[in-house]
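Throughout, a chain's letter reflects where its sequence line sits, starting with A, and its residues are numbered from 1. What you see is a predicted model; the values in this text were computed from it and never measured.
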Amino acid sequence: MPELPEVETVVRTLEHQIQGREIEDVAVRTPMILECDPDQFRKTLIGQHFRTFERRGKYLLLYMDSVLFLSHLRMEGKYYLQAPEEPLDRHMHVIFQLDDGRQLRYRDTRKFGRMNLLPMDTDLLTFHGLGPEPFWDSFNADYIREYCKGRKEPVKSLLLDQHFVAGIGNIYADEICFACGIRPGRSCARMTKKDRENLVTETRRILTRAIAAGGTTIRSYTSSLGVTGRFQLECMVHEQKVCKVCGNEIRMKWIGGRSSYYCPHCQH
DNA sequence: ACACTGACCTGCGAGC
DNA sequence: TGCTCGCAGGTCAGTG
């Protein structure tokens, strides 16, 4: 569920909570969460401090003293800051003991999330083949036109393609299509110049609003609250029954293996 | 080269 | 009540 705005919220919350803290110990209870050797992971992180906090697409980038700690929450990954006395449940897979006595706990019911350690100088521009961030100048109408050359896939699938643009998931993809008045199943080859321009502005507008909404929750974080974002923005179409603009019934269609919600009256 | 499908996981809710 | 089944979704490997 975490998409770009939620990951951004998690990054900023962690920055606020644990910047400068040292990792005293690491317990890896579920090795499959790691993309590297668990012993190596533990040994490398012990003694390192959390220095700077960034995001690229849906990846959390935690820069330590001499290593880049990478975390992807996938569907249900969450971080908790808790006291060691608080009980662990069976979904808490990686525990970081901090030098202030607290523990940073990674919880993930479906074990889809992944962690890795990479060199500090890892090139994040081309990292994992990720496309531009929605807020980069390089994500513009001309870029979309070039990317779509020779492609016929649905606009919805395009938005979910992390090589096209980084950070958008199923919920925001539906919302962006609605905001643009484009049916999610329409071929990207049939977008007009105006559609491409709208896609850029509406993507940025919706993500900006969602980040702002997520950001407002940061103030209320307590030490044990899950550092995560549920969807902060009120959805216009995703999982809705009735269109909030025209009152028509919202339809659900299977596009690229994803449930896709749209208003047949407002979107063409 | 592009497009589509299944696997990875687990919890939950619908239906019988 | 208790079981099975399908669905949720991000990413990537595999296939057409």
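Here the options are A/Asp99, A/Ile46, A/Leu45, A/Leu98, the test is side-chain contact (heavy atoms from CB on, under 4.5 Å), and the partner is A/Glu22; only A/Asp99 passes. For the salt bridge (Lys or Arg N to Asp or Glu O under 4.0 Å) test with A/Asp89, the passing option among A/Arg29, A/Arg107, A/Arg105, A/Lys78 is A/Arg107; the others fail.
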Protein-proximity profile, nucleotides 11-16 of chain C, B/S/- by nucleotide at the 4.0 Å heavy-atom cutoff, equals BS----

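Residues A/His238 and A/Asp174 bring a donor and an acceptor atom of their side chains to less than 3.5 Å of each other. In this structure, a donor-acceptor pair under 3.5 Å is absent between the side chains of A/Lys152 and A/Ser187.
Ring centers of A/Phe96 and A/Phe69: under 6.0 Å apart, within the cut-off.
Across all strands, A/Gly169 comes closer than 4.0 Å only to sugar-phosphate atoms, never to a base (heavy-atom distances). Residue contacts for A/Ser157: at a heavy-atom cut-off of 4.0 Å it reaches no nucleic acid atom on any strand shown.
Within 6.0 Å of CD on A/Gln19 lie more than 12 heavy atoms contributed by other residues, nucleotides or ligands. Within 6.0 Å of CG on A/Asp123 lie more than 12 heavy atoms contributed by other residues, nucleotides or ligands.
Helical stems of DNA chain B (runs of at least 3 Watson-Crick or G-U pairs, donor-acceptor distances under 3.5 Å) are listed by first residue: B:2-8 with C:10-16, B:10-16 with C:2-8.
Classified by interplanar angle (parallel below 30°, tilted 30° to 60°, perpendicular above 60°), the ring pair A/His72/A/Tyr59 is perpendicular. Using bins of under 30°, 30° to 60° and over 60° for the plane-to-plane angle, the ring pair A/Tyr106/A/His93 lands in the tilted bin.
The OH-P distance, from A/Tyr261 to C/dC7, rounds to 12 Å in whole Å.
Using a cut-off of 4.0 Å between Lys/Arg side-chain N and Asp/Glu carboxylate O, A/Arg186 and A/Asp195 are scored as salt-bridged. Ion pairing between A/Lys111 and A/Asp108 fails under the 4.0 Å rule for side-chain N and carboxylate O.
Nearest-nucleotide positions on DNA chain B place A/Lys152 closer to the 5' end than the other of A/Lys152 and A/Lys111.
C/dT11 and B/dA1 have their P atoms separated by 23 Å, with the value rounded to a whole Å. Between the P atoms of B/dA7 and C/dC5, the separation comes to 16 Å (whole Å).
Extent of DNA chain B lying under 4.0 Å from chain A heavy atoms, first and last nucleotide in 5' to 3' order, is B/dA3 to B/dG11.
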